[in-house]
Novice: 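Got a structure for you, questions after.
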Number of protein chains: 2
Amino acid sequence: MARLETLLEALEDASALDDLQAVIESLRDHFRVDHMVYHWVDSGGDQYGCGTYFDTWRDRYIEQEYHRVDPVVLGCFQRFHPVDWKRLDWSGKPARAFLAEALEHGVGNQGYSIPIRGPNGQFALFTVSHRCDDASWAALIDSHGRDLILIAHYFNRKALEFEPDRAPDIPRSLSPREVEAMTLLATGYSRAQVADRLAISEHTLRVYIESARFKLGALNTTHAVARALARGLIVV
Amino acid sequence: MARLETLLEALEDASALDDLQAVIESLRDHFRVDHMVYHWVDSGGDQYGCGTYFDTWRDRYIEQEYHRVDPVVLGCFQRFHPVDWKRLDWSGKPARAFLAEALEHGVGNQGYSIPIRGPNGQFALFTVSHRCDDASWAALIDSHGRDLILIAHYFNRKALEFEPDRAPDIPRSLSPREVEAMTLLATGYSRAQVADRLAISEHTLRVYIESARFKLGALNTTHAVARALARGLIVV
DNA sequence: TTTTCCCTCCCCGGAAATGGGGAGGCGCGG
DNA sequence: CCGCGCCTCCCCATTTCCGGGGAGGGAAAA
């Protein structure tokens with residue numbers, strides 16, 4: 001069995017998605033668990049990831065849009081720290097149905113998921129799952145918790161690297177006045193209020209907004225504010 | 001000098017902000033660097049953190065709202081992986097002025113910052129800074145990079161524990177329909193287009209927008225979209 | 001020096017958003 | 001069972017925004 005260091009290096013050296021799949025399988029073997037999954041949860045419903053769940057389950061999950069039901073996804077989305085599946089809320093009817101189906105598809109009764117967040121609201125999960133009793137599971141998590149956090153971090157790093165739309169178009173920066181305008185708009189002020197705040201005429205303000213909109217390739221003011229925010233050009 | 005393990009345990013056992021301040025000072029000594037800072041960049045402009053920068057600099061930073069200028073904040077906000085300050089964009093005039101002032105206040109010429117993100121758009125930075133030449137700095141980062149990532153993670157975990165009321169009365173999530181509406185608005189569609197997309201009347205759509213605006217405590221549609229975006233409730 | 005931004009101001013008409021109101025149906029959980 | 005939250009539809013008047021146009025001055029870069 002490969003040493004963890006070696007596997008981490010293989011992860012850092014990965015240059016394609018197939019490499020990640022190979023790494024995650026090695027990691028699963030290293031930690032002696034049934035499953036290990038990296039899972040990018042895009043709110044659009046598109047999902048991307050790699051891991052050792054069976055294809056049937058993965059396809060079913062995507063087809064049924066289970067990320068809207070899955071307590072692991074829902075729970076982790078509101079947490080920062082990793083969470084044991086047992087601590088999640090499985091009380092809902094759809095959640096229990098989902099769990100039953102997952103077990104049928106070979107997902108372990110134990111699970112530990114680490115939420116990871118990147119820029120622009122990116123959200124992903126790194127999960128280990130296994131079939132065993134509570135005590136052995138607790139011991140396993142206790143001894144490998146920190147390693148798993150690091151692995152999750154590096155996995156997400158790689159996934160972001162591979163994602164093509166990381167640098168889509170040149171983010172031409174906004175002028176200071178445009179930044180002020182956008183910031184105040186994003187803070188809820190109306191156009192008139194912003195103009196007042198900046199001590200300029202509303203007409204002038206509009207020129208800034210239009211200019212910013214143009215630079216951002218935005219279709220309207222709301223879109224421009226959203227893009228400026230998403231690109232970190234303004235901070236609300 | 002305390003061992004890292006011991007310090008990590010002290011961090012996990014911390015039960016108050018003062019403990020974090022003590023831990024970060026010990027960590028600074030452990031890594032033999034000039035400064036170590038954990039820095040929560042709140043979307044409101046309020047900032048919270050602990051670290052070893054001088055009070056004069058911290059006060060100046062907050063008073064001048066430097067987080068809108070600071071290339072470290074701006075750069076990290078668009079990245080996932082930790083970044084060496086040298087790799088950031090210091091070309092702007094305000095950025096250079098900021099840097100000069102920072103150096104005057106005792107901030108090191110070398111720096112390494114790790115972005116951390118939590119639920120609801122939380123964003124924080126964990127930074128080490130030092131005054132030394134490039135080679136020694138590279139060696140230091142190379143040998144401690146992973147440790148720093150873990151420390152950053154645990155620091156944020158603690159900070160989130162201590163500040164449960166960062167987003168106090170507003171963890172109310174949006175309904176699915178509201179999320180769809182906000183998302184499409186943030187994508188640049190007009191109200192009529194969104195209504196068409198969702199195959200509902202424009203009047204109905206308005207109810208969603210108003211409802212979302214209310215839940216988000218927003219003053220208008222643009223504000224609501226900005227808040228939804230900042231809290232990670234929608235993704236563009 | 002010329003060019004290229006940036007900042008400032010102004011016109012207009014049409015389109016869109018806003019903020020009030022009211023009303024009915026459906027599904028889930030206490 | 002009843003309430004509550006969600007989804008759906010409609011009215012109105014008023015305010016605000018949008019997207020075209022044009023114009024001048026100043027500062028920095030090329």
Side-chain angles (χ1 to χ4, degrees), chain A residues 68-69 71 74 89-98 170-227 233, chain B residues 91-97 170-228 233:
Chain A
R68 299 191 191 278
V69 176
L74 268 31
D89 175 26
W90 297 92
S91 62
K93 195 186 297 179
R96 277 196 300 270
F98 167 79
I170 317 96
R172 226 181 325 173
S173 64
L174 302 177
S175 81
R177 228 39 180 162
E178 286 158 359
V179 171
E180 289 184 276
M182 286 292 128
T183 304
L184 289 171
L185 286 174
T187 318
Y189 293 102
S190 74
R191 234 169 43 167
Q193 288 174 314
V194 174
D196 199 51
R197 273 281 194 116
L198 299 180
I200 57 177
S201 82
E202 198 175 328
H203 313 284
T204 304
L205 173 68
R206 271 180 40 205
V207 180
Y208 294 144
I209 299 175
E210 280 183 53
S211 168
R213 203 179 51 223
F214 177 73
K215 288 181 183 173
L216 294 164
L219 298 168
N220 54 45
T221 305
T222 300
H223 194 197
V225 169
R227 288 205 154 178
L233 299 174
Chain B
S91 62
K93 191 188 297 179
R96 277 196 300 267
I170 355 166
R172 225 177 329 174
S173 61
L174 301 178
S175 79
R177 227 38 179 164
E178 286 158 358
V179 171
E180 289 183 276
M182 287 292 123
T183 304
L184 289 170
L185 286 174
T187 317
Y189 293 103
S190 74
R191 234 171 43 170
Q193 288 173 314
V194 173
D196 199 51
R197 274 285 193 113
L198 299 181
I200 56 177
S201 81
E202 197 176 329
H203 312 284
T204 304
L205 173 67
R206 268 181 42 205
V207 179
Y208 295 144
I209 299 175
E210 280 184 51
S211 166
R213 201 178 54 222
F214 176 72
K215 287 181 184 174
L216 295 165
L219 298 168
N220 53 45
T221 304
T222 300
H223 193 196
V225 168
R227 290 205 152 177
L233 299 174

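In what follows, chains carry the letters A, B, and so on, assigned in the order in which the sequence lines appear, proteins first and then strands, with residues in each chain numbered from 1. Just the heavy atoms: all of them, side chains too, but no hydrogens, waters or symmetry mates, feed the values below.
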Novice: Where is the tightest heavy-atom contact between A:Tyr208 and A:Glu178, given as atom of each residue plus distance?
Specialist: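 Minimum heavy-atom contact is O-CG, 3.8 Å.
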Novice: Keeping the roles fixed (side chain from A:Thr183, backbone from A:Val179), state whether a donor-acceptor pair exists under 3.5 Å.
Specialist: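 Checked: pair present.
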Novice: Can you tell me the distance, in whole Å, between the CD atom of B:Gln193 and the C1' atom of C:dA17?
Specialist: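 Going from B:Gln193 (CD) to C:dA17 (C1'), I get 14 Å.
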Novice: Choose from C:dA17, D:dG20, C:dT8 the nucleotide whose nearest atom is closest to any side-chain atom of B:Glu202.
Specialist: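 Selected nucleotide: C:dA17.
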Novice: Between the two ends of the helix from C:dT1-D:dA30 to C:dG30-D:dC1, what is the bend in degrees, rounded to 10 degrees, where each end axis spans five pairs?
Specialist: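 Roughly 70° between the end axes, to the nearest 10°.
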Novice: Mind calculating the distance between CD1 (B:Ile209) and P (D:dT8) to the nearest angstrom?
Specialist: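 So the two atoms are 13 Å apart, to the nearest Å.
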Novice: Of the candidate nucleotides C:dC11, D:dC7, C:dC7, which contains the atom at the shortest distance from the side chain of A:Pro176?
Specialist: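 Looking only at heavy atoms from C-beta outward on A:Pro176, the closest nucleotide is C:dC7.
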Novice: Once you apply a heavy-atom cut-off of 4.0 Å, does A:Arg191 come out as touching a base, just sugar-phosphate, or nothing?
Specialist: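 Here A:Arg191 touches the bases of the nucleic acid.
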Novice: I'd like to check A:Val194 versus A:Leu185 (side-chain heavy atoms, cut-off strictly below 4.5 Å). Are they in contact?
Specialist: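 Yes, side chains in contact.
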Novice: Report the nucleotide, chosen from C:dC9, C:dG19, D:dC18, that has the shortest atom-to-atom distance to any side-chain atom of A:Ile200.
Specialist: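 Looking only at side-chain atoms, A:Ile200 lies closest to C:dC9.
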Novice: Given atom NE2 of A:His223 and atom C1' of D:dC17, what is their separation to the nearest angstrom?
Specialist: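 Whole-Å distance recorded here is 17 Å.
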Novice: Side chain of A:Lys215: nearest nucleotide among C:dC6, C:dC11, D:dC12?
Specialist: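 Side chain of A:Lys215 sits closest to C:dC6.
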Novice: Can you tell which of C:dG19, C:dA17, C:dC11 lies closest to the side chain of B:Arg206?
Specialist: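 Ranking C:dG19, C:dA17, C:dC11 by closest atom to the B:Arg206 side chain puts C:dG19 first.
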Novice: Nearest of D:dG19, D:dC11, D:dC17 to any side-chain atom of A:Glu210?
Specialist: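 Among the listed nucleotides, the one closest to the side chain of A:Glu210 is D:dG19.
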Novice: Looking for any heavy atom pair under 4.0 Å, which part of the strands does A:Leu219 touch: base, sugar-phosphate only, or nothing?
Specialist: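 Answer is sugar-phosphate: A:Leu219 comes under 4.0 Å of backbone atoms only.
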Novice: For B:His203 and C:dA16, give me the distance from atom NE2 to atom C1', rounded to whole Å.
Specialist: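 Whole-Å distance recorded here is 13 Å.
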Novice: Using a 4.0 Å heavy-atom cut-off across all strands, classify B:Thr221 as base, sugar-phosphate, or nothing.
Specialist: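 Result for B:Thr221 = sugar-phosphate.
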Novice: Measure from the side chain of B:Val207, starting at C-beta and using heavy atoms only, and say which of D:dT8, C:dT8, D:dC6 lies closest.
Specialist: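 The closest nucleotide is D:dT8.
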Novice: Can you find a donor-acceptor N/O pair under 3.5 angstrom joining the side chain of A:Arg213 to the base of D:dG19?
Specialist: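 No.
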